[in-house]
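A quick write-up on the structure given underneath.
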Amino acid sequence: MRWPRRAILIRLVIYIPLIAFLAWRAQGGCEQSPSMEAEQGLEQQLAPHRRVITMPDGTQQEIIELTAEEAKAILGPMPENLEGDAKAGD
């Protein structure tokens with residue numbers, strides 16, 4: 001029996017694992033469920049600080065109001081440039 005040409009075999013060796021990997025990722029492979037739990041905990045901590053405002057054009061926008069101390073307690077340390085912007089706005 002004659003084997004297929006080398007170029008065809010090389011393409012098969014490359015593309016079959018690539019297609020299998022992409023199909024696995026599309027099926028939801030390697031999902032990170034612990035990060036989803038952390039996001040839900042963060043949402044619960046931010047819930048009391050949420051407020052809905054009505055814009056001049058009639059649309060509604062949800063905002064989160066936090067002081068710098070609350071933001072550090074909930075979100076962790078802030079980058080230096082953001083802290084400077086917050087102090088300049090006060």
So, using salt bridge (charged side-chain N to carboxylate O under 4.0 Å, His left out) as the criterion, who are the partners of [X] when residues are at least two apart?
X: Arg50; value: Glu43, Glu62
X: Arg51; value: Glu65
X: Glu69; value: none

If you round to the nearest 0.5 Å, how far is [atom2] of [Y] from [atom1] of [X]?
X: Ile53; Y: Thr59; atom1: CD1; atom2: OG1; result: 8.5 Å
X: Gln45; Y: Ile64; atom1: CD; atom2: CD1; result: 11.5 Å
X: Leu46; Y: Glu70; atom1: CG; atom2: CD; result: 10.0 Å

Going by side-chain heavy atoms closer than 4.5 Å, which hydrophobic residues are tied to Val52, directly or by a chain of links? none

Tell me who clusters with Val13, hydrophobic residues only, linked when side chains sit under 4.5 Å apart either directly or through other members. none

Could you list all the side-chain hydrogen bond (donor to acceptor under 3.5 Å, both in side chains) pairs where at least one residue sits in residues 5-29, not counting sequence neighbours? none

Same cluster or not: Leu12 versus Phe21, using hydrophobic residues (I, L, V, M, F, W, Y) connected whenever any side-chain heavy atoms lie under 4.5 Å apart?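 Each belongs to a different hydrophobic cluster.
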
